[in-house]
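In what follows, chains are A, B, ... by sequence order, proteins preceding strands, each numbered from 1.
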Amino acid sequence: MARLQIRNLEKTYGNSFKAVHGINLDVRDGEFMVLVGPSGCAKSTTLRMIAGLESITGGQVMIGDTVVNRLQPGKRGIAMVFQNYALYPHMKVRRNLSFGLRLQRASRSEIERRTAEVARILEIEPLLDRLPKELSGGQAQRVALGRALIKEPKVFLFDEPLSNLDAKLRASMRVRITELHRRLKDEGMPSTVVYVTHDQTEAMTMGDRICVMKDGRIMQVADPKTLYDRPANAFVAGFIGSPEMNLIEGRLEGSTFRVGDQSLTLPAELMDRLRGWSGAARLGIRPQHLRLNAGPGLRGRVAGAEFMGHEVVLHLDVAGTRMVAVLPAADYAALDRGAEVTLSPEPGCAHVFDGADENVSLPVLN
Amino acid sequence: MADITTAIPATPVPPREIRAARLQAVVRYTLLTVVGLIMLYPLIWLIGASFKTNSEIFGSIGFLPREPTLEGYVKGWQTSTPYTFGRFFWNTFLIILPKTIFTAISCALVAYGFARFEFPFKRVLFATLIATLLLPNVVTRIPQYILFRDMGWLDSYLPLWVPSAFAGDAFFVFMLVQFLRAIPRDMEEAARVDGANSLQTLVYIVVPMLVPALISVMLFQFMWTMNDFLGPLIYLSSVDKFPVSLALKLSIDTTEAFDWNRILSMSVLALLPALVVFFMAQKYFIEGISAGGVKG
């Protein structure tokens with residue numbers, strides 16, 4: 001367990017392509033940090049630079065108080081879980097687990113003790129004498145997890161560890177990993193984790209904090225609730241949350257937001273947050289935060305509805321823009337395709353993004 | 001569903017079609033057997049003739065000896081030199097053993113380097129290596145001979161296996177590089193995270209995954225060395241150091257009237273090791289040369 005600090009980290013490849021643009025990130029001792037972003041956002045490259053599998057072309061990586069830029073991966077005090085498990089195919093599970101310890105020339109009793117302990121924690125005791133090819137995906141992933149755990153590293157690195165599993169197993173492994181992190185903390189062995197994923201559900205459910213990345217830059221680092229409620233920019237707003245946040249192009253003039261020939265009077269609460277800002281803007285409202293026919297709002301036409309049982313996802317056409325609203329299932333019966341409706345944001349839940357996609361409606365934090 | 005199954009009754013295949021299919025199979029297999037036999041006949045004849053008397057060998061084309069005799073084996077084994085054929089087999093073994101082992105080690109090291117590391121002039125060096133594949137062997141014979149003569153290595157086994165200990169066989173390096181390219185790097189990265197250095201990664205992780213390819217390499221080297229005639233002919237002059245390939249030729253040289261049954265008997269024995277080794281390692285051999293299909 002240790003703190004991980006990343007200072008102005010850069011990665012430039014031989015063909016002068018810059019993948020990572022001087023990012024800064026602090027992962028606290030014992031924290032579960034998730035790096036999330038669309039493919040190609042350099043989240044895996046960043047993780048591999050922390051691990052030492054990719055060379056660092058600028059900036060610093062510090063684990064604890066040590067700058068590890070030039071250290072070999074084995075000397076950094078890290079352990080890594082790979083996407084496709086990367087178990088050694090010719091070694092039985094037992095040897096897979098203890099390979100690192102044997103390289104460190106740990107004593108036989110020490111190796112046996114730690115193997116037994118890890119096997120107990122991950123419930124893989126019956127698998128110890130099997131070869132990796134005799135394991136199912138979930139079992140192989142647990143062994144891979146065990147191989148990281150047995151090293152008692154300062155920092156755990158996960159590179160999309162669940163993306164090879166089917167949906168059901170992924171959900172249960174997600175819970176298992178989070179529980180393990182909590183349990184280690186309770187047992188006095190808090191572990192610092194950096195977890196890479198492209199799946200926002202994984203990010204939201206697992207991370208203490210989440211670092212959203214795009215094109216080799218950090219968009220926002222915050223806890224899941226802050227990311228959801230107060231996205232720093234339009235990218236984070238669109239990336240976090242499902243269905244995606246509606247972003248409506250328009251113009252803010254005083255307390256009126258104009259979209260095409262329609263105008264929406266913004267609530268006083270939002271005006272407070274905007275502190276007099278005006279100009280070309282995008283109004284962001286989550287589908288879950290739209291209210292139907294509740295007083296004045298944007299007029300739209302129902303283009304389609306998806307009935308999900310407990311709720312209904314409405315696709316609407318508002319002044320030429322597609323919008324999505326998630327409503328309670330009870331509202332479903334009253335709706336027809338082509339019906340005219342008015343939409344208004346729930347108080348406190350709308351955002352305004354400026355021309356540079358920055359959220360200009362964040363409340364001032366004290 | 002029930003309607004459908006009852007509506008379309010299983011029509012029996014007409015007996016004429018069954019007969020035609022059988023006839024086709026018979027023709028096909030007969031043709032294959034005949035051609036196969038024709039191709040194998042020299043080998044079958046060789047084995048049969050090794051049990052014939054000298055006078056009978058050229059008397060008939062048939063391979064079954066009229067009066068089977070072991071004379072060829074007994075006399076052939078004794079040879080016309082002070083040494084038995086056992087000595088020549090041992091000599092062959094003394095060349096093959098270091099050669100195959102060092103080939104495997106050196107080629108694995110070099111292939112690992114080319115397949116997994118970035119270093120200056122890598123492309124040029126690899127191109128040079130591949131270019132030597134296209135170089136006819138004869139071109140380097142004379143300079144090599146002079147080099148080894150000046151090093152005082154003539155009439156020893158050193159010129160026969162030392163070049164292999166420095167990955168001199170570009171073909172094997174190329175084969176292993178191709179095989180390595182098909183193996184994902186994750187396992188090696190996991191090993192590095194586990195604290196293994198490059199050499200430990202090679203020994204503990206890469207080599208076990210390379211085993212099928214290494215076995216093919218060793219088999220090829222075994223067979224080529226076993227069959228190599230020119231190398232020993234150039235570098236070895238003392239009869240007591242001759243390998244099997246030279247010893248076979250020796251029995252033709254030294255006697256006035258060739259005892260063909262001795263030569264044939266010893267040829268049969270010379271074939272055996274390669275055959276036995278091949279059949280033992282067949283499974284890996286096929287796996288190794290079909291490198292592209294390796295699953296990660």
Side-chain angles (χ1 to χ4, degrees), chain A residues 13-14 44 47-48 50-55 68 71-92 95-106 131-133 140 143-161 164, chain B residues 104 108 112-126 176 179-218 281 283-284 287-288 290-296:
Chain A
Y13 285 103
S44 277
L47 190 81
R48 290 169 59 82
I50 300 172
L53 296 172
E54 201 82 60
S55 64
V68 296
L71 286 184
Q72 285 295 314
K75 307 240 182 263
R76 294 189 178 198
I78 50 134
M80 187 156 169
V81 180
F82 293 81
Q83 180 176 354
N84 53 5
Y85 326 131
L87 298 177
Y88 311 127
H90 54 286
M91 294 184 196
K92 290 193 169 156
R95 287 181 78 81
N96 256 292
L97 290 175
S98 60
F99 182 70
L101 292 180
R102 278 184 285 129
L103 283 179
Q104 290 169 18
R105 303 194 181 284
L131 282 170
K133 65 178 176 198
V143 174
L145 210 57
R147 194 172 59 183
L149 211 56
I150 201 167
K151 290 176 70 187
E152 298 174 2
K154 292 180 191 156
V155 179
F156 283 95
L157 306 174
F158 290 84
D159 191 3
E160 307 217 12
N164 273 12
Chain B
Y112 180 54
F114 275 121
R116 291 295 196 251
F117 295 91
E118 290 304 322
F119 48 88
F121 309 116
K122 176 175 158 175
R123 280 168 177 271
V124 178
L125 286 171
F126 193 65
L176 291 177
F179 196 88
L180 268 172
R181 282 181 179 160
I183 299 179
R185 292 172 183 225
D186 296 40
M187 272 81 84
E188 291 153 57
E189 290 183 341
R192 285 179 61 200
V193 171
D194 266 347
N197 58 34
S198 302
L199 199 63
Q200 285 170 322
T201 309
L202 174 68
V203 174
Y204 295 126
I205 309 297
V206 178
V207 167
M209 291 193 289
L210 262 186
V211 161
L214 283 175
I215 287 180
S216 320
V217 164
M218 291 171 83
K283 192 182 134 219
Y284 300 99
E287 226 175 278
S290 55
V294 174
K295 224 181 102 197

**Item:** Those residues that, when tested against A/K75, pass salt bridge (charged side-chain N to carboxylate O under 4.0 Å, His left out) (two or more places apart)
**Value:** none

**Prompt:** Taking everything shown except B/Y204 itself, do over 12 heavy atoms lie less than 6.0 Å from its OH?
**Reply:** no

**Separation between CZ of A/R102 and CD of B/Q200, rounded to the nearest 0.5 Å** = 11.5 Å

**Asked** When you look at CZ of A/R95, are more than 12 heavy atoms from neighbouring residues, nucleotides or ligands closer to it than 6.0 Å?
**Response** no

**Portion of A/F82 that has a non-hydrogen atom of chain B nearer than 4.5 angstrom** = side chain

**Item:** Partners meeting side-chain contact (heavy atoms from CB on, under 4.5 Å) with B/F117 (sequence neighbours left out)
**Value:** B/Y112, B/F119, B/S198

**Asked** Between A/L87 and chain B, which part of the residue has a heavy atom less than 4.5 Å away: side chain, backbone, both or neither?
**Response** backbone

**Asked** Partners of A/E54 by side-chain contact (heavy atoms from CB on, under 4.5 Å), sequence neighbours excluded?
**Response** A/K11, A/Y13, A/T45, A/R48, A/M49

**Asked** In residues 188-197 of chain B, which residues are in contact with chain A at a heavy-atom separation under 4.5 Å?
**Response** B/E189, B/A190, B/A191, B/R192, B/V193, B/D194, B/G195, B/A196

